[in-house]
Amino acid sequence: MPDSSVKVRIAPSPSGYLHVGTARMAISNYLFARHYGGQFFIRIEDTDKERSDKSLIDPILDALRWLQLDWDGEIVHQSQRLDIYKDYAKRILESSAGYRCFCSPQQLQKDREEASAKKLPPRYNRRCLKLTPQEIEAKLEAGEKFAIRLRIPEGVTSFEDMVLKQVSRSSDDIEDFIIARSDGTATYNLAVVVDDHDMGITHVIRGNDHVTNTFKQILIYRALGLDIPKFGHLPLILRPDKRKVSKRLGDKDVGEYRNEGLLPEAMFNYLCLLGWSPKTEREIYTPKELVEIFTEKHFNASNAVFDEEKLIAFNKKHIGLKSGHDLAVLVAPLLVDAGVRTKYWLETRWEYLRNVIDLLKERVRRLTDFVSLGHYFFDFDYKYESKAEAKQFTPESADLLEELTGRFEKLPGFDHDAIEQCLSGMANEKEVKKARLIHPTRLAVSGMSVGPGLYDILALLTQPVVVERMRKAVEHIRNMKQESQE
RNA sequence: GACCCCAUCGUCUAGUGGCCCAGGACGACGCCCUUUCACGGCGUAAACACGGGUUCGACUCCCGUUGGGGUCGCCA
């Protein structure tokens, strides 16, 4: 059932690039919004002046755009809403749901150390809650700085999670956390509550590393008397060593996968199926199809390990789904970047590019493979693979190649069948195995020992090019021979 | 350490009390196809963490144990 009132968001902090964990959360929120016809927002969480880096915002948005996660409305920047948070902090303080804390960070650090030495939970000891009004007045007059803490009411806080079902936590396990720093700025949990409320967020879908924050945020909602959204805590994406993905541990960001030739559809599809299942045996879907079949009821509760091999397998399938033209559009810039050919050269030989792509398509796993496996279709200055060269470029093969070149040159037509007949005919006459002709020829025209069927390569390369390359190879082999004799 | 969450092949997962001596996918291995490498086709190995219950019957429900993850900042 469509529910256009659905409003969700993804809230990255610009303290690193977009990694697969955040991308996965973005995708889930996007799918949830689009499936129900709701709205998907972006909010940049940059309240920490120290750690936030403005230059990181664009790369994050680029990655989101690459994944085709189009968002609604204006992007909200927390750094531009600092005054609003201050008002809310003041409200909490005045409502006596919060209180001033004059403890210095050093003092708090010391308290924590002492607590952990005694094997006690490192929770704030409420020293400043015990201050008398006179003491507070005195400190204020002395100009002492203070942070604002939320006083956690006794009892148990619980909520119905979209994934985890009923979750609860005793107030004994939640400390009076700080909602406003001594410089007056809001901390994360307050800012999130205020923004989610102002933005009209109906469902907060995020990683399960946030459940402890959720209890705190619910308490803030209550202190402020605001409506509480629904929560869904998704399983985390783990590295192969089972740790949470993080940039600091050297995990790749989405942009790197893009550079490695991954298709956004493949990334979208793979990430979507981590911790969520369509409950069918099919697993390759386009983003559009996923929007259609998505339901929040199919989330798993257990964390999932990110497997790059499987991602690449998905990529291969998605490459197979693309049209030749669409692939050419994606591959052309890669050939240009690799310095193989200019944009102009490729645009004027679009048909040729298309044919090369069709030929290579089924053996390619990444977009960049089109370049590494097919550069010789464009690049005439390729090097011969040294190992194959040693094996295939023998003096005898030079003679065979020379003879074959002559025969190719005389061919009236140069298509797959004509080439095959010509080569087979020569092999029969000379009583040599076809492989003795095929392998050196392949190396001569491509510089490689592997690739698509040789006859297809030759036909596509065209007769004059093939003849020229083979002559060059013959010459090369004979020079090699001379060099080794000297 | 405290608290919260989780637990099916190496990995992602299907399974909601009998259809399961557990299905699919990636990976691995083997065979076929083949001039090569891939692709494709066929096939093999590979899992219900453990212990108690509940039940005529548990992968499925309950409890415990073990294991894993997450969180414990005037970071987000």
Side-chain angles (χ1 to χ4, degrees), chain A residues 11-16 45-48 50-52 78 101 103-105 108-109 112 115-116 118-123 145-149 161 163-164 167-170 172-175 177-189 191-192 207-216 233 235-236 238 240 242-244 270 273-284 300-314 316-317 320 360-365 369 373 388 392 420 423 427 433-439 441-443 448-455:
Chain A
S13 72
S15 54
E45 312 224 307
D46 50 359
T47 52
D48 184 2
E50 307 282 301
R51 269 166 256 250
S52 295
Q78 290 192 323
C101 175
C103 301
S104 69
L108 295 170
Q109 178 62 24
R112 271 193 292 271
S116 78
K118 287 185 208 155
K119 303 232 169 187
L120 290 169
R123 276 194 292 277
K145 293 273 186 199
F146 63 88
I148 301 173
R149 288 181 184 273
D161 190 88
V163 179
L164 307 171
V167 200
S168 51
R169 190 167 205 199
S170 163
D172 296 342
D173 299 316
I174 307 175
E175 73 168 343
F177 61 97
I178 289 174
I179 55 168
R181 304 183 183 94
S182 47
D183 66 1
T185 61
T187 58
Y188 169 77
N189 282 304
V192 167
N208 69 23
D209 50 344
H210 278 287
V211 310
T212 48
N213 283 327
T214 298
F215 292 109
K216 292 179 178 179
H233 292 89
L236 262 20
L238 270 24
K242 300 276 175 82
R243 301 240 277 145
K244 185 169 91 155
Y270 176 70
L273 263 53
L274 240 34
W276 181 88
S277 166
K279 308 284 182 192
T280 60
E281 290 200 341
R282 181 173 27 154
E283 47 185 20
I284 300 299
N300 265 331
S302 54
N303 295 165
V305 173
F306 185 84
D307 180 8
E308 206 169 287
E309 274 298 326
K310 188 148 182 171
L311 201 213
I312 292 169
F314 269 53
K316 186 178 170 47
K317 301 272 191 198
L360 258 20
K361 192 174 167 180
E362 66 182 16
R363 56 220 317 130
V364 152
R365 278 156 46 100
D369 291 341
L373 298 178
Q392 302 297 345
E420 176 167 21
L423 189 143
K433 281 188 179 173
K434 284 198 286 185
R436 295 267 326 265
L437 265 24
I438 288 171
H439 295 304
T441 304
R442 173 189 295 285
L443 188 61
M448 298 175 75
S449 58
V450 300
L454 181 68
Y455 312 132

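Labels below follow one simple rule: chain letters A, B, ... track the order of the sequence lines, proteins then strands, and each chain is numbered from 1.
Using a 4.0 Å heavy-atom criterion, one finds that L273(A) contacts the sugar-phosphate atoms exclusively. Here E45(A) lies in heavy-atom contact (under 4.0 Å) with sugar-phosphate atoms only. The residue C101(A) sits apart from the nucleic acid: no heavy atom pair falls under 4.0 Å. Across all strands, S116(A) comes closer than 4.0 Å to no nucleic acid atom at all (heavy-atom distances). Contact annotation for S182(A): base contact, defined as any heavy-atom pair under 4.0 Å involving a base atom. Here P240(A) lies out of heavy-atom contact (under 4.0 Å) with every strand. Using a 4.0 Å heavy-atom criterion, one finds that S168(A) contacts the sugar-phosphate atoms exclusively. Heavy atoms of K316(A) sit under 4.0 angstrom from primed sugar atoms or phosphate atoms, though from no base atom. Using a 4.0 Å heavy-atom distance criterion, G207(A) is classed as making no nucleic acid contact.
Here rC6(B) is the nucleotide among rU36(B), rA14(B), rC6(B) with the atom lying nearest to any side-chain atom of A301(A). Side chain of E281(A), nearest nucleotide from rG24(B), rC37(B), rA2(B): rG24(B). Of the listed nucleotides (rU36(B), rA76(B), rC26(B)), rC26(B) has the atom at the smallest distance from the side chain of A313(A). In this structure, the nucleotide among rA76(B), rC12(B), rA2(B) sitting nearest to the side chain of L274(A) is rC12(B). Closest approach to the V450(A) side chain among rU36(B), rG24(B), rG40(B) is made by rU36(B) (side chain taken as heavy atoms from C-beta onward). Of the candidate nucleotides rA76(B), rG27(B), rC3(B), rG27(B) has the atom nearest to the side chain of E309(A). Relative to the side chain of A304(A), the nucleotides rC39(B), rU13(B), rU36(B) differ in distance, and rU13(B) lies closest.
Regarding contacts with the backbone of rA76(B), a side-chain N or O of R181(A) is found under 4.0 angstrom from either OP1 or OP2. Taking side-chain N and O atoms only, K145(A) has no distance below 4.0 Å to OP1 or OP2 of rC74(B). Between T280(A) and the phosphate of rG24(B), there is no side-chain N or O to OP1/OP2 separation shorter than 4.0 Å. OP1 and OP2 of rC6(B) both lie 4.0 Å or more from every side-chain N or O belonging to N300(A).
Pairing of rC21(B), defined by two Watson-Crick or G-U wobble distances under 3.5 Å, is not identified with any nucleotide. Using Watson-Crick or G-U wobble geometry with both donor-acceptor distances under 3.5 Å, rC3(B) finds its partner in rG70(B). Judged by Watson-Crick or G-U wobble contacts below 3.5 Å, the nucleotide rG10(B) has rC26(B) as its partner. As the counterpart of rA38(B), no nucleotide is assigned, since no Watson-Crick or G-U wobble pattern has both distances under 3.5 Å. Across the strands present, rA49(B) finds its partner in rU65(B); the criterion is a Watson-Crick or G-U wobble pair with both atom distances under 3.5 angstrom.
Put simply, CG on D172(A) is 15 Å from P on rA2(B), counting in whole angstrom units. Distance CZ (R282(A)) to C1' (rC12(B)): 17 Å, rounded to an integer number of Å.
Between N213(A) and H210(A) the shortest side-chain heavy-atom distance falls below 4.5 Å. Contact check for N303(A) versus K244(A): no side-chain heavy atoms found under the 4.5 Å cut-off. Between K216(A) and I174(A) there is a side-chain heavy-atom pair separated by less than 4.5 Å.
Heavy atoms from other residues, nucleotides or ligands lying under 6.0 Å from CZ of R181(A) number more than 12. Annotation for K433(A): atom NZ does not count as buried by contact number, only 12 or fewer foreign heavy atoms lying within 6.0 Å. The neighbour count for K317(A) NZ, taken as heavy atoms of other residues, nucleotides or ligands under 6.0 Å away, does not exceed 12.
Checked by atom type and distance alone, the side chain of R282(A) pairs as donor or acceptor with a backbone atom of I284(A) at under 3.5 Å. In this structure, Y270(A) contributes its side chain and I312(A) its backbone to no donor-acceptor pair below 3.5 Å.
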B/S/- along nucleotides 58-73 of chain B (protein heavy atoms under 4.0 Å) is -----------SSS-B
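Positionally, the nearest nucleotide of RNA chain B for H439(A) lies more toward the 5' end than for the other of H439(A) and S15(A). Comparing S449(A) and F146(A) by the nucleotide of RNA chain B that holds the closest heavy atom to each, the one mapping nearer the 5' end is S449(A).
Between the side chains of T214(A) and H233(A), at least one donor-acceptor pair of N or O atoms lies under 3.5 Å.
For V167(A), the side-chain contact (heavy atoms from CB on, under 4.5 Å) partners are F159(A), D161(A), L164(A), F215(A), not counting sequence neighbours.
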Please step through side chain to side chain donor-acceptor pair (under 3.5 Å) for the pair D183(A) and T185(A), ending with a clear verdict.
-> CA-CA 6 Å; D183(A) 66 1; T185(A) 61; 2.7 Å; yes
Every protein N/O lying under 3.5 Å from an N/O of nucleotides 41-51 of chain B:
none

